[in-house]
Amino acid sequence: MALPHGIVHVEQLAVEGKRVFVRVDLNVPLTKDRRVGDDSRITAVLPTIRHLIDRGARIVLGSHLGRPDGQVKPELSLEPVAARLAELLATEVVLADEPAGDGARKVVGDLREGQLALLENLRFHPGEEGNDDAFARQLASYCDVYVNDAFGTAHRAHASTAGMVRHVGVKGAGYVMAKEIDVLSRLLGDIDRPYLAVVGGAKVSDKIEVLDALLERVDAIAVGGAMANTFLTAQGKQLGKSKVEGDKLAVARNFLRKASEKNVTVHLPHDVVIAAGIDAEETRAVAIDAVPADQMALDIGPATIETYRGAVTRARTVFWNGPMGVFEKPRFAGGTFAVARAMADNRLALTVVGGGDSAAAVVQAGVADRVTHVSTGGGASLEFIQGLELPGIAALAAP
Ligand code: ADP
Ligand code: MG
């Protein structure tokens with residue numbers, strides 16, 4: 001595995017007997033009765049934790065959960081997460097009742113080799129998101145070695161992702177972080193062509209920077225989702241009641257002009273699946289010129305699926321962000337799942353999925369293990385592929 005910018009992999013760190021702080025992303029969904037709804041973020045960091053347990057490190061885990069905004073919110077305690085983690089590892093996980101302070105210090109001080117403690121929700125303290133130096137120093141005082149395995153928060157300059165790192169002598173990337181950096185940096189380097197980006201989702205405004213950055217690298221872009229509606233409207237199509245960003249038509253037109261100047265092909269839907277609303281029973285596919293005034297475009301249509309499938313199949317590099325339709329409803333999931341399967345079936349290409357909803361769609365389509373990489377970070381992966389510096393990664397690389 002190639003880690004750029006002089007970042008050290010956790011496997012290369014001497015951790016035996018050391019106190020190792022690991023920033024993990026245990027921001028899992030909780031059920032109403034406060035149990036872990038989906039434990040995939042917990043299972044994702046097990047390789048790093050097991051590696052450290054096996055080497056007799058004294059492990060201090062830090063994570064945020066939800067948005068307590070610097071206040072103690074008991075309903076956002078990491079307690080259910082600690083319980084699930086203990087179950088998965090079949091070992092004790094001590095939960096400190098605060099992110100920092102005398103209690104946390106005691107818990108860390110009592111750790112024996114191979115033992116594990118979890119600090120309480122870091123965002124219970126305002127110093128976490130404020131990247132306050134006193135809080136960062138406190139966290140740093142709990143460890144000899146710093147490991148970041150929380151790619152999903154790497155685009156935030158917080159105390160546990162950036163501030164504390166300069167106060168710890170030895171630092172490195174965990175397995176999750178290292179794989180993200182490895183695969184996503186390949187998209188910024190010499191890639192095999194054609195390079196296709198598939199972009200969709202809710203809004204042009206959310207993604208215009210990503211689109212602009214992709215324009216510099218890709219050979220073609222296939223657009224779906226509500227984002228496509230805005231592009232099509234910019235081209236003068238009538239899309240009835242479809243979700244369209246009326247104030248982004250000039251942005252869309254400008255983008256299409258830049259793409260044509262750069263000889264980047266932009267595929268837009270030539271047919272769509274329409275309905276009266278997202279809960280309507282009745283749906284049908286119509287040509288893009290035939291959307292009735294009282295209907296909404298909620299997925300790409302079968303002819304467009306064929307075009308996009310063909311483009312994915314011919315590509316040797318594919319980056320996908322943003323669903324092709326309202327995939328949360330099975331009636332409008334066809335386009336999104338077809339793109340997911342086409343990526344999985346292309347065994348010759350580097351296939352990367354980024355974005356929270358897109359990652360969920362690939363899992364729902366049952367092909368997550370057949371694409372090269374499903375990024376665990378929504379916003380972080382989008383910032384990375386734009387070539388932006390992520391504070392959490394820059395901190396690991398700093399001398
Ligand atoms: P990601 O999280 O992968 O970056 P986004 O958050 O940008 O993706 O977009 C996902 C959302 O876009 C989904 O909730 C989906 O329902 C919505 N969406 C996709 N297509 C349409 C459409 N045609 N009309 C309305 N909403 C759509
Ligand atoms: Mg989303």
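Counting begins at 1 with the first residue of the sequence. Atoms within each ligand, like the ligands themselves, are counted from 1 in listed order.
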> Looking only at N/O atoms, are Ala226 and ligand 1 under 3.5 Å apart anywhere?
Replying inline: yes
> Nearest protein heavy-atom contact for atom 12 (O) of ligand 1: which residue, which atom, what distance?
Replying inline: Ala202 N, 3.3 Å
> Tell me, which protein residue and heavy-atom name are nearest atom 19 (C) of ligand 1, and how many Å apart are they?
Replying inline: Gly325 O, 3.1 Å
>> Within the 4.0 Å heavy-atom shell around Ser358, which atoms of ligand 1 are there?
In response: 1 (P), 3 (O)
>> Whether Arg137 and Asp133 form a salt bridge (side-chain N of Lys/Arg under 4.0 Å from carboxylate O of Asp/Glu) is what I want to check.
In response: yes
> Can you name the N/O/S atom of Asp357 that is nearest the Mg ion (ligand 2)?
Replying inline: OD2
>> On a heavy-atom basis, I'd like to know which of Ala333, Ala361, Pro323 is closest to atom 8 (O) of ligand 1.
In response: Pro323
>> Among all protein heavy atoms in this structure, tell me which lies nearest to atom 27 (C) of ligand 1, with the distance rounded to 0.1 Å.
In response: Val326 CG2, 3.6 Å
> Between Asn321 and ligand 1, which residue portion shows a heavy-atom distance shorter than 4.0 Å: side chain, backbone, both, or neither?
Replying inline: side chain
> So Tyr308 and His267, would you call those rings parallel, tilted or perpendicular, with 30° and 60° as cut-offs?
Replying inline: tilted
> Do His167 and Tyr146 have ring centroids that are under 6.0 Å from one another?
Replying inline: no
> Can an N or O of Asp357 be found at a distance shorter than 3.5 Å from an N or O of ligand 1?
Replying inline: yes
> Short N/O distance, under 3.5 Å, between Lys207 and ligand 1?
Replying inline: yes
> Which residue from Lys329, Glu328, Met227 reaches closest to atom 16 (O) of ligand 1 through any of its heavy atoms?
Replying inline: Glu328
> What's the shortest distance from atom 23 (N) of ligand 1 to any protein heavy atom, and which residue and atom give it?
Replying inline: Ala297 O, 3.1 Å
> Any heavy atom of Gly378 sitting closer than 4.0 Å to ligand 1?
Replying inline: no
> Less than 6.0 Å separating the ring centroids of Phe319 and Tyr195?
Replying inline: no
> Would one find more than 12 heavy atoms of other residues, nucleotides or ligands at under 6.0 Å from atom NZ of Lys203?
Replying inline: no
>> Would you say CG of Asp190 has more than 12 non-hydrogen atoms from neighbouring residues, nucleotides or ligands within 6.0 angstrom?
In response: no
> N/O of Lys243 under 3.5 Å from N/O of ligand 1, yes or no?
Replying inline: no
> What is the distance from atom CZ of Phe151 to atom CG of Asp25, rounded to the nearest 0.5 Å?
Replying inline: 11.0 Å
>> Taking the basic N atoms (NZ, or NE/NH1/NH2) and the acidic carboxylate oxygens, is any pair closer than 4.0 Å for Lys237 and Asp289?
In response: yes
> Any salt bridge between Lys262 and Glu216, counting N to O under 4.0 Å?
Replying inline: yes
>> Quick test of your reading of the model: are Glu113 and Arg58 salt-bridged, counting only N-O distances below 4.0 Å?
In response: yes
> So, is Phe327 polar-close to ligand 1, with some N/O to N/O distance under 3.5 Å?
Replying inline: no
